[in-house]
Amino acid sequence: MKPAAVRTARRRTSGGTLPASFYSRDTEIVARELLGCIVECRGPRGLTRGRIVETEAYLGEHDPACHAAAGRTKRTDPLYGPPGIAYVYLIYGTHWCFNAVTRPEGLPSAVLIRALEPIDGLALMRSRRPAAHRNVDLASGPGKLCAALGIDMRHNRHPLTRPPLVIRRGNPVADDAVEVTPRIGIRKAVDWPLRWFVANHPGVSRVPRR
DNA sequence: TCGAAGATTGTCT
DNA sequence: GACAATCTTCGAG
């Protein structure tokens, strides 16, 4: 039994940090279980925190939509690193995307964090995302959440078990509140059901195009 | 060295 | 719904 002070402290920090072993499992399981967890990023301007409401799985070299399908390159190298590190890259020259690397080392797969429900540091997020008209729009997309939390190339390869960028346990999302659909914005493997999100949550990004 | 593509977003019509 | 912004990466020549 842990001392009450420790239990209270853990509650205050929205749950303990997810260990590296959490990520060392099937990417699809990690993507599902990351729903409800808390992403926390500390920077010189303060702390920002959000609850994960949408994820996508990218399964490795056999997944045509995964960056690793092109093999190991300078860009995709973090995917081949240990599970539990961040893979951050620039898309369209304008937006950062944030992934958590999964599975045992050497298997290049990851979970893209697509959307967060803002929890803490909303004023700071708003200053970084002046285009967002509602709080729920501050992090409702992969590029948006990186901007809101201040995630960029500096966090590439960063272990998600240590500040300034960590993922903590949150409140688990029940199965009947989770929807699974094909991934968004890709041109290959467009029918693979590898996107998980909290049903009817206003913070999830776009619905799939048809 | 050059050109094309890209896991997006915001603005304009 | 269409389209521009903006830059890194990679393949082709």
Side-chain angles (χ1 to χ4, degrees), chain A residues 23 26-28 30-32 34-35 39 48 50 52-81 83 85-103 107-118 125-158 160 165 167 179-198 202-210:
Chain A
Y23 305 94
D26 276 354
T27 306
E28 292 148 270
V30 176
R32 162 65 181 86
L34 276 175
L35 290 180
V39 179
T48 47
I52 298 172
V53 295
E54 183 180 353
T55 61
E56 282 181 359
Y58 289 86
L59 301 183
E61 293 175 349
H62 68 283
D63 176 356
C66 183
H67 287 174
R72 190 169 190 163
T73 64
K74 184 178 170 185
R75 182 199 203 192
T76 63
D77 196 61
L79 289 171
Y80 292 79
I85 65 171
Y87 169 45
V88 182
Y89 63 90
L90 188 65
I91 186 70
Y92 299 112
T94 49
H95 305 288
W96 297 99
C97 290
F98 167 46
N99 296 246
V101 174
T102 63
R103 307 183 78 176
L107 291 172
S109 50
V111 174
L112 170 69
I113 311 299
R114 281 195 63 93
L116 302 177
E117 172 190 331
M125 292 188 199
R126 188 161 284 285
S127 73
R128 289 167 169 160
R129 295 241 325 114
H133 298 299
R134 304 177 303 162
N135 285 344
V136 78
D137 292 327
L138 286 170
S140 58
K144 297 178 187 178
L145 75 88
C146 285
L149 270 66
I151 297 172
D152 58 28
M153 199 55 177
R154 293 170 300 176
H155 299 95
N156 199 20
R157 292 179 180 278
H158 177 79
L160 299 172
L165 179 60
I167 301 182
E179 283 198 46
V180 184
T181 69
R183 295 170 291 187
I184 292 179
I186 55 173
R187 300 186 183 190
K188 300 164 187 168
V190 294
D191 294 327
W192 296 19
L194 294 174
R195 172 181 178 240
W196 287 260
F197 62 96
V198 179
V204 301
S205 61
R206 299 169 299 166
V207 294
R209 281 190 188 173
R210 247 302 123 193

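Below, read A as the first sequence line, B as the second, and so on, with proteins coming before strands; counting in each chain starts at 1.
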Test: R129(A) and D137(A) ion pair at under 4.0 Å: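 A salt bridge is absent here (no side-chain N lies under 4.0 Å from a carboxylate O).
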Nearest-Å distance for atom pair [atom1]/[atom2], residues [X] and [N]:
| X | N | atom1 | atom2 | value |
| --- | --- | --- | --- | --- |
| I184(A) | dT8(B) | CD1 | P | 8 Å |
| L145(A) | dT9(B) | CG | P | 8 Å |
| R129(A) | dT9(B) | CZ | C1' | 8 Å |
| Y87(A) | dT8(C) | OH | P | 14 Å |
| L90(A) | dA7(B) | CG | P | 12 Å |
| L79(A) | dA7(B) | CG | C1' | 12 Å |
| R75(A) | dG11(C) | CZ | C1' | 14 Å |
| L59(A) | dA7(B) | CG | P | 15 Å |

Ring geometry between Y87(A) and Y89(A) (parallel below 30°, tilted from 30 to 60°, perpendicular above 60°):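 The rings of Y89(A) and Y87(A) sit tilted, inter-plane angle from 30° to 60°.
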Contact nearer the 5' end of DNA chain C, comparing H95(A) with R72(A):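 Closest to the 5' end, via its nearest nucleotide, is H95(A).
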Earlier contact from the 5' end, DNA chain C, for M153(A) and I91(A):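 So the residue in question is I91(A).
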Which nucleotide in dT9(C), dA7(B), dT9(B) has an atom nearest any side-chain atom of P142(A):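 Ranking dT9(C), dA7(B), dT9(B) by closest atom to the P142(A) side chain puts dT9(B) first.
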Among dA7(B), dG10(B), dT9(B), the nucleotide that comes nearest once only the side chain of A131(A) is considered: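 Ranking dA7(B), dG10(B), dT9(B) by closest atom to the A131(A) side chain puts dG10(B) first.
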Criterion side-chain hydrogen bond (donor to acceptor under 3.5 Å, both in side chains) against S109(A), the qualifying member of N99(A), D63(A), T27(A):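 One option only clears the test, and that one is T27(A).
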Along DNA chain B (nearest heavy atom to each residue), the more 5'-positioned of K144(A) and I186(A):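 It is I186(A) whose nearest nucleotide is closer to the 5' end.
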Gap separating the NE2 atom of H158(A) from the CE atom of M153(A), nearest 0.5 angstrom: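 Atom-to-atom, H158(A):NE2 and M153(A):CE are 14.5 Å apart.
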Test side chain to side chain contact (heavy atoms under 4.5 Å, CB included) applied to R157(A) and V88(A), D77(A), V101(A), the passing residue: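 The option that passes is D77(A).
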Side-chain N or O of R187(A) closer than 4.0 Å to phosphate OP1/OP2 of dA7(B):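 The answer is no; no side-chain N or O of R187(A) sits under 4.0 Å from OP1 or OP2.
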For dA7(B), the Watson-Crick or wobble partner whose two distances fall under 3.5 Å: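 No nucleotide pairs with dA7(B).
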